[in-house]
Amino acid sequence: MRNSPDLSLPSLRGKMLSRRAALDAAFLSSASISAARLLMKTTIWREAGGILLYSAVRGELGTGLLLDAALAKGKRLFLPRCRPGETVMEIVGIRSLSELVPGHLGIAEPLPSRPALKPEDGGFPELAVVPGLAFDWRGNRLGHGKGYYDRFFSQSAVQSVFRVGFGYAFQVLEPPEFLPARPWDVPVQA
(Lines give C-alpha, C1' and ligand atoms only; values in the text may rest on other atoms or scores of the structure.)
Protein backbone atom coordinates (compact mmCIF):
# COMPACT_ATOMS: atom_id res chain seq x y z
CA MET A 1 0.00 0.00 0.00
CA ARG A 2 2.54 2.56 -1.10
CA ASN A 3 1.51 6.17 -1.38
CA SER A 4 0.19 6.12 -4.90
CA PRO A 5 -2.86 7.22 -6.87
CA ASP A 6 -4.49 3.85 -6.19
CA LEU A 7 -4.34 4.38 -2.41
CA SER A 8 -7.95 4.82 -1.40
CA LEU A 9 -8.33 6.36 2.04
CA PRO A 10 -12.02 5.37 2.26
CA SER A 11 -11.04 1.79 1.41
CA LEU A 12 -8.27 1.80 4.01
CA ARG A 13 -10.67 3.23 6.60
CA GLY A 14 -13.14 0.44 5.84
CA LYS A 15 -10.44 -2.22 6.06
CA MET A 16 -9.17 -0.96 9.42
CA LEU A 17 -12.68 -0.59 10.85
CA SER A 18 -13.43 -4.19 9.81
CA ARG A 19 -10.22 -5.49 11.37
CA ARG A 20 -10.96 -3.69 14.63
CA ALA A 21 -14.55 -4.94 14.66
CA ALA A 22 -13.29 -8.52 14.30
CA LEU A 23 -11.12 -8.34 17.46
CA ASP A 24 -12.36 -10.47 20.31
CA ALA A 25 -12.79 -8.98 23.78
CA ALA A 26 -9.91 -10.96 25.31
CA PHE A 27 -7.42 -9.71 22.69
CA LEU A 28 -8.72 -6.15 22.95
CA SER A 29 -8.25 -6.17 26.72
CA SER A 30 -4.81 -7.78 26.60
CA ALA A 31 -3.51 -5.50 23.84
CA SER A 32 -4.85 -2.40 25.59
CA ILE A 33 -3.15 -3.32 28.86
CA SER A 34 0.15 -4.15 27.13
CA ALA A 35 0.16 -0.91 25.13
CA ALA A 36 -0.72 1.15 28.21
CA ARG A 37 2.09 -0.44 30.23
CA LEU A 38 4.58 0.30 27.44
CA LEU A 39 3.48 3.93 27.25
CA MET A 40 3.63 4.38 31.02
CA LYS A 41 7.30 3.31 30.99
CA THR A 42 8.26 6.21 28.72
CA THR A 43 9.90 9.40 29.94
CA ILE A 44 7.26 11.58 28.29
CA TRP A 45 4.48 9.82 30.24
CA ARG A 46 6.34 9.94 33.54
CA GLU A 47 7.29 13.62 33.18
CA ALA A 48 4.00 14.89 31.76
CA GLY A 49 2.04 16.87 34.31
CA GLY A 50 -0.97 17.01 31.99
CA ILE A 51 -2.21 14.33 29.61
CA LEU A 52 -4.90 14.33 26.93
CA LEU A 53 -6.49 10.88 26.58
CA TYR A 54 -9.55 9.61 24.76
CA SER A 55 -12.44 7.29 25.63
CA ALA A 56 -12.09 4.20 23.47
CA VAL A 57 -15.04 3.10 21.31
CA ARG A 58 -15.74 0.56 18.57
CA GLY A 59 -12.63 -1.56 19.04
CA GLU A 60 -10.12 1.25 19.57
CA LEU A 61 -7.15 0.41 21.74
CA GLY A 62 -8.48 0.93 25.25
CA THR A 63 -7.30 3.71 27.54
CA GLY A 64 -8.87 2.57 30.81
CA LEU A 65 -5.56 1.73 32.49
CA LEU A 66 -4.08 5.06 31.33
CA LEU A 67 -7.07 7.01 32.63
CA ASP A 68 -6.85 5.30 36.02
CA ALA A 69 -3.07 5.74 36.22
CA ALA A 70 -3.19 9.44 35.31
CA LEU A 71 -5.79 10.11 37.99
CA ALA A 72 -3.95 8.01 40.59
CA LYS A 73 -0.68 9.89 39.92
CA GLY A 74 -2.40 13.26 40.25
CA LYS A 75 -1.75 14.26 36.63
CA ARG A 76 -3.98 16.89 35.05
CA LEU A 77 -6.24 14.75 32.90
CA PHE A 78 -8.02 16.05 29.81
CA LEU A 79 -10.47 14.40 27.45
CA PRO A 80 -11.92 15.67 24.19
CA ARG A 81 -15.45 16.96 23.85
CA CYS A 82 -17.00 17.58 20.44
CA ARG A 83 -19.43 20.41 19.99
CA PRO A 84 -22.79 19.20 18.66
CA GLY A 85 -23.45 20.38 15.12
CA GLU A 86 -19.82 21.42 14.60
CA THR A 87 -16.60 19.62 13.72
CA VAL A 88 -14.80 21.27 16.61
CA MET A 89 -13.06 19.39 19.38
CA GLU A 90 -12.24 21.07 22.67
CA ILE A 91 -10.47 19.59 25.64
CA VAL A 92 -11.80 19.53 29.16
CA GLY A 93 -10.06 18.75 32.41
CA ILE A 94 -11.61 16.11 34.64
CA ARG A 95 -10.89 14.96 38.19
CA SER A 96 -12.89 11.73 38.08
CA LEU A 97 -14.27 9.30 35.51
CA SER A 98 -17.71 10.03 36.98
CA GLU A 99 -17.48 13.38 35.12
CA LEU A 100 -17.88 11.56 31.78
CA VAL A 101 -21.19 11.13 29.95
CA PRO A 102 -22.09 9.87 26.45
CA GLY A 103 -21.57 12.66 23.92
CA HIS A 104 -23.44 13.29 20.70
CA LEU A 105 -21.11 10.92 18.81
CA GLY A 106 -21.69 8.14 21.34
CA ILE A 107 -18.27 8.62 22.89
CA ALA A 108 -17.83 9.23 26.62
CA GLU A 109 -16.78 12.84 27.09
CA PRO A 110 -16.68 15.42 29.90
CA LEU A 111 -19.95 16.78 31.24
CA PRO A 112 -21.30 19.76 29.29
CA SER A 113 -21.10 21.80 32.51
CA ARG A 114 -17.30 21.38 32.72
CA PRO A 115 -15.47 24.33 31.10
CA ALA A 116 -13.27 23.72 28.07
CA LEU A 117 -9.64 24.78 28.22
CA LYS A 118 -9.15 27.84 26.03
CA PRO A 119 -5.88 28.78 24.29
CA GLU A 120 -5.60 31.97 26.34
CA ASP A 121 -5.91 29.93 29.57
CA GLY A 122 -2.59 28.15 29.03
CA GLY A 123 -1.94 24.98 31.00
CA PHE A 124 -2.31 22.66 28.04
CA PRO A 125 -1.16 19.08 28.55
CA GLU A 126 2.38 18.10 27.61
CA LEU A 127 1.25 14.75 26.15
CA ALA A 128 -1.65 13.74 23.91
CA VAL A 129 -2.52 10.10 23.30
CA VAL A 130 -4.34 10.07 19.97
CA PRO A 131 -6.48 7.33 18.38
CA GLY A 132 -6.47 6.57 14.68
CA LEU A 133 -7.41 4.03 12.07
CA ALA A 134 -3.93 3.83 10.53
CA PHE A 135 -0.50 5.32 11.10
CA ASP A 136 2.74 5.27 9.17
CA TRP A 137 6.39 5.54 10.18
CA ARG A 138 6.49 9.20 9.17
CA GLY A 139 3.89 10.05 11.81
CA ASN A 140 1.01 10.45 9.40
CA ARG A 141 -2.32 9.46 10.90
CA LEU A 142 -5.58 8.40 9.31
CA GLY A 143 -8.65 9.20 11.38
CA HIS A 144 -12.33 8.93 10.54
CA GLY A 145 -12.12 11.83 8.09
CA LYS A 146 -13.81 14.60 10.07
CA GLY A 147 -10.57 16.39 11.04
CA TYR A 148 -11.33 16.91 14.74
CA TYR A 149 -7.80 16.16 15.95
CA ASP A 150 -6.08 17.91 13.02
CA ARG A 151 -8.02 21.12 13.61
CA PHE A 152 -7.35 20.95 17.35
CA PHE A 153 -3.59 20.38 16.98
CA SER A 154 -3.22 23.08 14.32
CA GLN A 155 -3.92 25.75 16.97
CA SER A 156 -0.73 27.57 17.89
CA ALA A 157 -1.38 27.12 21.64
CA VAL A 158 -1.18 23.31 21.37
CA GLN A 159 1.50 22.75 18.74
CA SER A 160 4.06 21.95 21.44
CA VAL A 161 1.95 19.09 22.85
CA PHE A 162 3.77 15.79 22.21
CA ARG A 163 1.42 13.56 20.18
CA VAL A 164 1.53 9.77 20.49
CA GLY A 165 -0.52 7.63 18.11
CA PHE A 166 -2.12 4.79 20.07
CA GLY A 167 -3.17 1.75 18.08
CA TYR A 168 -2.61 -1.89 17.23
CA ALA A 169 0.42 -3.16 15.34
CA PHE A 170 -1.75 -3.97 12.30
CA GLN A 171 -2.72 -0.29 12.10
CA VAL A 172 0.88 0.78 11.43
CA LEU A 173 1.82 0.64 7.76
CA GLU A 174 5.23 -0.89 7.16
CA PRO A 175 7.79 0.96 5.00
CA PRO A 176 7.78 1.60 2.09
CA GLU A 177 4.01 2.03 2.48
CA PHE A 178 2.85 5.35 3.82
CA LEU A 179 -0.20 7.55 4.10
CA PRO A 180 -0.50 10.65 1.95
CA ALA A 181 0.17 13.79 3.98
CA ARG A 182 -2.37 16.46 3.16
CA PRO A 183 -1.64 20.12 4.01
CA TRP A 184 -4.07 20.16 6.96
CA ASP A 185 -2.87 16.89 8.53
CA VAL A 186 -1.01 17.15 11.83
CA PRO A 187 1.26 14.12 12.34
CA VAL A 188 1.94 12.30 15.58
CA GLN A 189 5.51 12.25 16.87
CA ALA A 190 5.54 8.69 18.15
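Computed from heavy atoms alone, side chains included, the values below leave out hydrogens, waters and symmetry copies. Each residue takes its place number in the sequence, starting with 1.
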Exercise for the section: Sequence neighbours left out, what passes side chain to side chain donor-acceptor pair (under 3.5 Å) with S156? Give chain and number order. Expected result: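 Once residues adjacent in sequence are excluded, S156 has no partner under the side chain to side chain donor-acceptor pair (under 3.5 Å) criterion.
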Does any part of the side chain of [Y], heavy atoms only, come nearer than 4.5 Å to the side chain of [X], both counted from C-beta?
X    : Y    : result
F170 : R20  : yes
P187 : D136 : no
V172 : W137 : yes
L117 : V92  : no
L173 : N140 : no
L142 : R13  : yes
L133 : L17  : yes
F152 : V186 : no

Problem - For E47, all residues meeting salt bridge (Lys or Arg N to Asp or Glu O under 4.0 Å), sequence neighbours excluded - result: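 E47 satisfies salt bridge (Lys or Arg N to Asp or Glu O under 4.0 Å) with no residue once adjacent residues are dropped.
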Exercise for the section: Please list all pairs passing the side chain to side chain donor-acceptor pair (under 3.5 Å) test where one or both residues lie in residues 142-155, with sequence neighbours left out. Expected result: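 Qualifying pairs: T87-R151.
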If we ignore hydrogens and angles and just use 3.5 Å, is the side chain of [X] paired with the main-chain N or O of [Y] as donor and acceptor?
X   : Y   : answer
S32 : L28 : yes
S34 : S30 : yes
T42 : L39 : yes

Assigning hydrophobic clusters by single linkage (Ile, Leu, Val, Met, Phe, Trp, Tyr; side-chain heavy-atom cutoff under 4.5 Å), is [X] placed with [Y]?
X    : Y   : result
I51  : M40 : yes
I91  : V88 : no
V101 : M89 : no

Would you tabulate the side-chain donor-acceptor contacts of residues 60-72 under 3.5 Å, counting partners in other chains and residues two or more places apart, or write 'none'?
unit_1, atom_1, unit_2, atom_2, d
E60, OE1, V57, N, 3.1
T63, OG1, Y54, O, 2.5

Practice task
Go through the steps for L127 and V164 under the test side-chain contact (heavy atoms from CB on, under 4.5 Å), then give the verdict.
Solution key: CA-CA 8 Å; L127 172 64; V164 174; 3.6 Å; yes
Handout entry: Distance under 6.0 Å and angle within 45° of ring axis: R163 vs F153
Key =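 Judged by the rule (NZ or CZ under 6.0 Å from the ring centre, within 45° of its axis), R163 counts as positioned above F153.
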Practice task
Using a strict 4.0 Å threshold on nitrogen-to-oxygen distance, state whether R182 and D185 make a salt bridge.
Solution key: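 Between D185 and R182 there is a salt bridge, with a charged N closer than 4.0 Å to a carboxylate O.
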Handout entry: Heavy-atom closest contact (A134 atom, L179 atom, distance)
Key =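 Nearest pair, atom of A134 first, then L179: O-CD1, 3.7 Å.
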Problem - Minimum-distance pair of heavy atoms, taken over all atoms of G165 and F135 - result: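 What the structure gives for the nearest pair is CA-CE2, 3.5 Å.
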Practice task
Check the pair Y168, L23 against side-chain contact (heavy atoms from CB on, under 4.5 Å), reporting the backbone distance first and the verdict last.
Solution key: CA-CA 11 Å; Y168 303 98; L23 299 175; 3.4 Å; yes
Practice task
Could you give me the CA-CA distance, side-chain angles and deciding distance for L52 and V130, then say whether side-chain contact (heavy atoms from CB on, under 4.5 Å) is met?
Solution key: CA-CA 8 Å; L52 170 62; V130 183; 5.9 Å; no
Problem - Distance, nearest 0.5 Å, that separates CG of L9 from OG of S11 - result: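 Here the rounded value is 9.5 Å.
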Which atom pairs, donor and acceptor, lie under 3.5 Å between side-chain atoms of residues 74-85 and protein residues at least two apart or in another chain?
unit_1, atom_1, unit_2, atom_2, d
K75, NZ, W45, O, 2.9
K75, NZ, R46, O, 3.2
K75, NZ, A48, O, 2.7
R76, NH1, G123, O, 2.6
R76, NH2, E126, OE2, 3.4
R81, NE, E90, OE2, 2.9
R81, NH1, L111, O, 2.6
R81, NH1, R114, O, 2.8
R81, NH2, E90, OE2, 3.0
R81, NH2, R114, O, 3.0
R83, NE, E90, OE1, 3.2
R83, NH1, E86, OE1, 3.4

Exercise for the section: Could you list who else is in L38's hydrophobic cluster, with ILVMFWY side chains joined at under 4.5 Å, directly or through other members? Expected result: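 Members alongside L38: none; it stands by itself.
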